[in-house]
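Working notes, structure below.
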Amino acid sequence: MIFEANSHETFREEAHKLVDLIADHLKMSHSEGLQKTIGRIPPEEQLGFWREDFKSKEPMDLQDFWSKVFSRSINVHSRGYLGHQISVPLPLTALTSAAIGYMNNSTTVYELAMVGNTMEKVIIEHLAGKFGYDGDSEGFVTSGGSLGNLTALLKARSSSGIDSKDYSRLAIMVSEEAHYSVERAASILGVSRENIVKVPSDESFRIRTDLLEGIYSEAVSAGKLVFCVVGCACTTSVGAYDDLAAIADFARTHGIWFHVDGAHGGVAVFSDKYRHYLDGIEHSDSLVLDFHKMMLVPSISTAVIFNARNRGANAFSPKADYLWQAGGAGAWYDSAKHTLECTKPISVLHAYAIMRVYGEEIYRQHVDKLYDLGRSFADMVKGQAGMELAVEPSCNIVCFRCLSGAGEDGDDRLNKRIYEELLEEGLFYIVSTTIRGRFYLRVSLMNPMTDAETLEELLKDIVKRTV
Ligand SMILES: Cc1ncc(COP(=O)(O)O)c(C=O)c1O
């Protein structure tokens, strides 16, 4: 069995079939008529199906298996995929995924992933330069924005000089609109709920920088040790970019760590047109950027970058004689010395290959197209009687709702119904969000194949459902 399972002939045959299947799936997804994005199956039904499948004593036919997996999954390659912020990966990355899985190099220590560890350094140095960080800035690639935010905050804490016996007084300041992973990271670090100081946002959902000083003074007077302020580039719900330059000034004045959560919107760094949203990021101490959101890379791969200016303290210096005996805590090429992960795939291969094969131009086009499309969609919504935007979009996230004429509760009911119906029909996959207590429909334009016609079709479909 184990020898058969390792046969290169069987592998070659099955791999060719899978590549054909993926290519056909892509062709179908890009075909002229809009293809279904989701065939929603209730969780219990899905569970029953796979329980039965798993119990089966029939020999598994791989083609049949792929067919079941694909047909019961969401299709992010459909132009109607307008849902959560996961990338619509470039086909090239199906190949890098196969190579990553097959090679199974792990960045833990240099020898286990000589190429992966080195590529991480090359990519991080390049990105650091683009963000305007100091020349010898450092970082690594980790598994996701949540883990990235946690690692950055950990470094912020260790750099703060605050004695661990005072950790009960630790506090951070963050916009009320920040992604929940920031709050979760802070609580993992031992920051109490009342010391996660939420700063209100303005009508555009940007952090109220005019309130930072007052809120900080209040926190300090209450005995809190504010060690970090977090800026959003951009927020998750509506895609608002905080005024990073103003936050940087504030952080510098008080000597506190400034971290930027650029998981989604940090990608604007590739765009001449939208780069200005990141003005001030060069003064931050750390940032995260998810490759698996706006950089056409499959989940999960995130850059965490530390500005050289502040890299004095190393958050980690684990003792593990079985992994490394020499090289010191800071050696760049042993990833586990810097990350929360020990075993970690060489996920950087995706972004590296994309930039090497297509150049950064592909990201410039991607950002410009999707951010522009966000604006076009917003214009379509504004031109539609009985619909309104939550806010003018800055990026490719647009929140809007239909107006029922029956008050706010009536609006909520109408939009919830429309959302459920769209999901049930499955041509489009959009999501929802709650803004200032109200239910909104939300699209994130992640698919570069989505065009204005697709969005017109979506709006027509929605309008049809309002009556
Ligand atoms: C702004 C922001 N930060 C962090 C995250 C978490 O990233 P991940 O899902 O990669 O852990 C998200 C996810 O949507 C996000 O939008």
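Counting convention: from 1, in listed order, for ligands and their atoms alike. Just so it is clear, the model here is predicted, and its values are computed rather than measured. Both backbone and side-chain heavy atoms feed into the values below; hydrogens, waters and symmetry mates do not.
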heavy-atom search around atom 8 (P) of ligand 1 in the protein gives Gly145 N, 3.4 Å
Per side-chain contact (heavy atoms from CB on, under 4.5 Å), Tyr81 is matched among Val443, Ile86, Asn75 by Ile86
Would you please classify the geometry between the Tyr363 ring and the Phe270 ring as parallel, tilted or perpendicular, with 30° and 60° separating the classes? tilted
Check: Between Asp261 and ligand 1, does any nitrogen or oxygen pair lie at a separation below 3.5 Å?
Finding: yes
**OP:** State, with a plain yes or no, whether a side-chain heavy atom of His259 is found less than 4.5 Å away from one of Ile172.
**Re:** no
Answer yes or no: does an N/O atom from His292 fall short of 3.5 Å to an N/O atom of ligand 1?
-> yes
>> Using heavy atoms and a 4.0 Å limit, tell me yes or no: is Gln85 in contact with ligand 1?
In response: yes
* Within-cut-off N or O pair, Ser146 and ligand 1, under 3.5 Å -> yes
| message | Against ligand 1, does Ala178 come closer than 4.0 Å with any heavy atom? | response | no
Problem - Any side-chain heavy-atom pair of Ile305 and Leu289 under 4.5 Å - result: no
Partner of Glu424 under salt bridge (charged side-chain N to carboxylate O under 4.0 Å, His left out), picked from Arg417, Arg465, Arg40, is Arg40
Note: ligand 1 atoms sitting under 4.0 Å from heavy atoms of Cys234 are 1 (C)
Are side-chain heavy atoms of Tyr110 and Thr118 found at a separation under 4.5 Å? yes
the protein heavy atom lying closest to atom 16 (O) of ligand 1 turns out to be Thr236 OG1, 2.8 Å
If only side-chain N and O atoms count, and only distance matters, is there a donor-acceptor pair under 3.5 Å linking Thr302 with Asp290? yes
Per-atom filter on ligand 1: closer than 4.0 angstrom to a heavy atom of Gly144 are 10 (O), 11 (O)
Counting from 1 in the order shown, the ligand 1 atoms closer than 4.0 Å to a non-hydrogen atom of Asp290 are 7 (O), 8 (P), 10 (O)
task: Evaluate whether atom CD of Glu44 has more than 12 neighbouring non-hydrogen atoms of other residues, nucleotides or ligands under 6.0 angstrom away.
output: no
Among non-hydrogen protein atoms, atom 6 (C) of ligand 1 lies closest to His179 CE1, 3.3 Å
Counting from 1 in the order shown, the ligand 1 atoms closer than 4.0 Å to a non-hydrogen atom of Ala263 are 2 (C), 3 (N), 4 (C)
Backbone or side chain, does any N or O of His264 fall under 3.5 Å from an N or O of ligand 1? no
Flag the pair Cys234 / Tyr277 as yes when at least one side-chain heavy-atom distance between them is below 4.5 Å, and no otherwise.
no
min-distance protein heavy atom vs atom 14 (O) of ligand 1 -> Lys293 CE, 3.2 Å
Check whether Tyr371 forms a cation-pi arrangement with Lys273 (NZ or CZ under 6.0 Å from the six-membered ring centre, at most 45° off the ring normal). no
The atoms of ligand 1 lying under 4.0 Å from a heavy atom of Ser181, numbered in the order shown, are 4 (C)
